[in-house]
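Everything below concerns the one structure shown next.
Just so you know, these numbers come straight off a predicted model, no measurement behind them. All heavy atoms count here, side chains included; hydrogens, waters and symmetry mates do not. As the structure lists them, so they are numbered: ligands from 1, and atoms in each ligand from 1.
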Amino acid sequence: MADRKIPITGHTELITLLATPIRHSLSPTIHNAAFEKLGMDKVYLVFEVGQDGLEDAVNGLKAMQVRGWNVSMPNKTAIIQYLDQVSPVTKLCGAVNTVVNDNGVLTGTSTDGTGWVHAIEENSGSIKGKKVVLLGAGGAAIAILAQAALDGASEIAVFNKNDAFWDRAMEKVQLIDQETDCHVTLHDIDDQADLKACIEAADILTNATSVGMKPHEDTCLVEEEDLHEGLVVMDCVYNPKDTLLLKRAKKKGCICVSGIYMMLYQGAASFKLWTGEDMPLDYVREKIGL
Ligand code: NAD
């Protein structure tokens with residue numbers, strides 16, 4: 001936790017995160033470190049709020065003229081009904097993680113995909129014209145899909161199991177394919193030959209499923225032999241930081257990007273929307289041990 005040097009007074013402003021369960025979140029550490037470094041008299045606090053308490057919480061924050069807040073599960077879609085407007089990326093992905101309050105007008109957006117784009121571009125240059133293979137079609141995957149399509153990826157092949165996520169995935173894939181210049185397709189992840197061929201033709205591979213996450217860190221959806229040198233491999237899973245996918249990718253000479261950077265950069269994008277300032281990334285990286 002950052003050491004707060006600015007005293008909390010009657011002037012201190014609140015930024016919050018509404019979700020449940022959420023006490024484990026890294027966001028307070030990230031934002032409070034940034035506020036402290038920039039001498040901003042603000043504090044970021046987490047509140048355990050689910051869908052039942054969401055409307056009251058939003059009305060309360062609005063009445064208190066709170067500048068902004070994050071939401072996470074289970075509120076990322078439910079929040080939309082309480083907002084005045086949403087961003088282009090939210091229109092495509094149907095989710096919000098950041099709300100900005102401009103004098104009572106609430107605008108929602110998702111910075112998860114921006115975090116992904118920034119993490120990839122920092123390591124391997126622009127995503128414009130790139131071919132992407134995206135594993136997963138849950139919340140993180142669809143936010144990445146929408147932002148990557150808006151930001152100029154040329155083709156995105158989404159691979160998912162034929163599970164509870166499939167029908168919504170098909171709907172989102174069709175919408176994003178229609179509404180952007182990116183060619184988006186949905187594939188069955190159990191079709192190993194198709195997955196192998198798409199990875200072979202890709203510039204970027206991202207795992208946005210929960211496979212590989214602790215306590216199942218010995219699991220991975222991609223065989224080492226299916227990876228190639230120069231492929232950018234990003235794993236949204238950041239616990240452990242060095243996932244089995246990233247270990248395999250490193251052995252094959254891929255450009256590896258940890259999901260912790262996506263986490264940090266989605267926070268930086270929210271921070272910019274609330275404060276107008278760039279997050280002091282070097283300082284925050286040090287605080288979260290990156
Ligand atoms: P979600 O529950 O919305 O989606 C889960 C996805 O994983 C679905 O597509 C599901 O089909 C797939 N899946 C689950 N088990 C699978 C299996 N055995 N084989 C193949 N696919 C399987 O979850 P989410 O919110 O999208 O999060 C997904 C992962 O991304 C989590 O590990 C989460 O911690 C991580 N995440 C990271 C960041 C970040 O900033 N780095 C942000 C959001 C989520």
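- The distance criterion of under 3.5 Å between nitrogen or oxygen atoms is not met by L221 with respect to ligand 1.
- The shortest side-chain heavy-atom distance between I30 and M279 falls under the 4.5 Å cut-off.
- At the top of the distance list for atom 29 (C) of ligand 1, counting protein heavy atoms only, stands T209 O, 3.4 Å.
- Protein heavy atom in closest approach to atom 42 (C) of ligand 1: M262 CE, 3.8 Å.
- Protein heavy atoms come within 4.0 Å of atom 2 (O) of ligand 1.
- Counting heavy atoms only, S210 comes closest to atom 31 (C) of ligand 1 of the residues S210, G139, A141.
- Evaluated by nearest non-hydrogen atom to atom 28 (C) of ligand 1, the leading choice among A143, A208, G138 is A208.
- Looking at atom 5 (C) of ligand 1, its nearest protein heavy atom turns out to be F165 CZ, 3.9 Å.
- The N/O atoms of G259, backbone and side chain alike, include one that comes under 3.5 Å of an N/O atom in ligand 1.
- Interface atoms of ligand 1 facing G136, defined by a heavy-atom separation under 4.0 Å, are 9 (O).
- Here M263 has heavy atoms under 4.0 Å from ligand 1 in both its backbone and its side chain.
- Here the closest non-hydrogen pair linking G104 and K62 is O-CE, 3.1 Å.
- In this structure, E224 does not pair ionically with K252, as no charged nitrogen and carboxylate oxygen lie closer than 4.0 Å.
- In summary, the aromatic rings of F35 and F271 are positioned with their centroids under 6.0 Å apart.
- For N162, there are no side chain to side chain donor-acceptor pair (under 3.5 Å) partners, not counting sequence neighbours.
- Remark: D203 does not engage K131 in a salt bridge, criterion side-chain N to carboxylate O under 4.0 Å.
- Within a 4.0 Å radius of atom 14 (C) of ligand 1, the protein has at least one heavy atom.
- Between M64 atom CE and T16 atom OG1 the span is 8.0 Å, to the nearest 0.5 Å.
- Ion pairing of D151 with K128 is absent here, as no side-chain N (NZ or NE/NH1/NH2) approaches a carboxylate O to less than 4.0 Å.
- Ligand 1 places these atoms under 4.0 Å from at least one heavy atom of A137: 9 (O).
- Selection from N160, D112, V211 by nearest heavy atom to atom 18 (N) of ligand 1 gives V211.
- Taking the charged nitrogens against the carboxylate oxygens, K161 and D188 have no contact shorter than 4.0 Å, which rules out a salt bridge.
- Those atoms of ligand 1 with a heavy atom of D163 less than 4.0 angstrom away are 10 (C), 11 (O).
- Between K247 and D235 there is no salt bridge, since no side-chain nitrogen of the basic residue lies less than 4.0 Å from a carboxylate oxygen of the acidic one.
- Numbered from 1 in the order shown, with element, the atoms of ligand 1 that lie under 4.0 Å from a heavy atom of V237 read 32 (O).
- With ligand atoms numbered from 1 in the order given, ligand 1 contributes 32 (O), 34 (O) to contacts under 4.0 Å with heavy atoms of M213.
- Among all non-hydrogen protein atoms, the one lying nearest atom 25 (O) of ligand 1 is A140 N, 4.0 Å.
- Checked by atom type and distance alone, the side chain of T275 pairs as donor or acceptor with a backbone atom of E277 at under 3.5 Å.
- Considering backbone and side-chain atoms alike, C236 places an N or O below 3.5 Å from some N or O of ligand 1.
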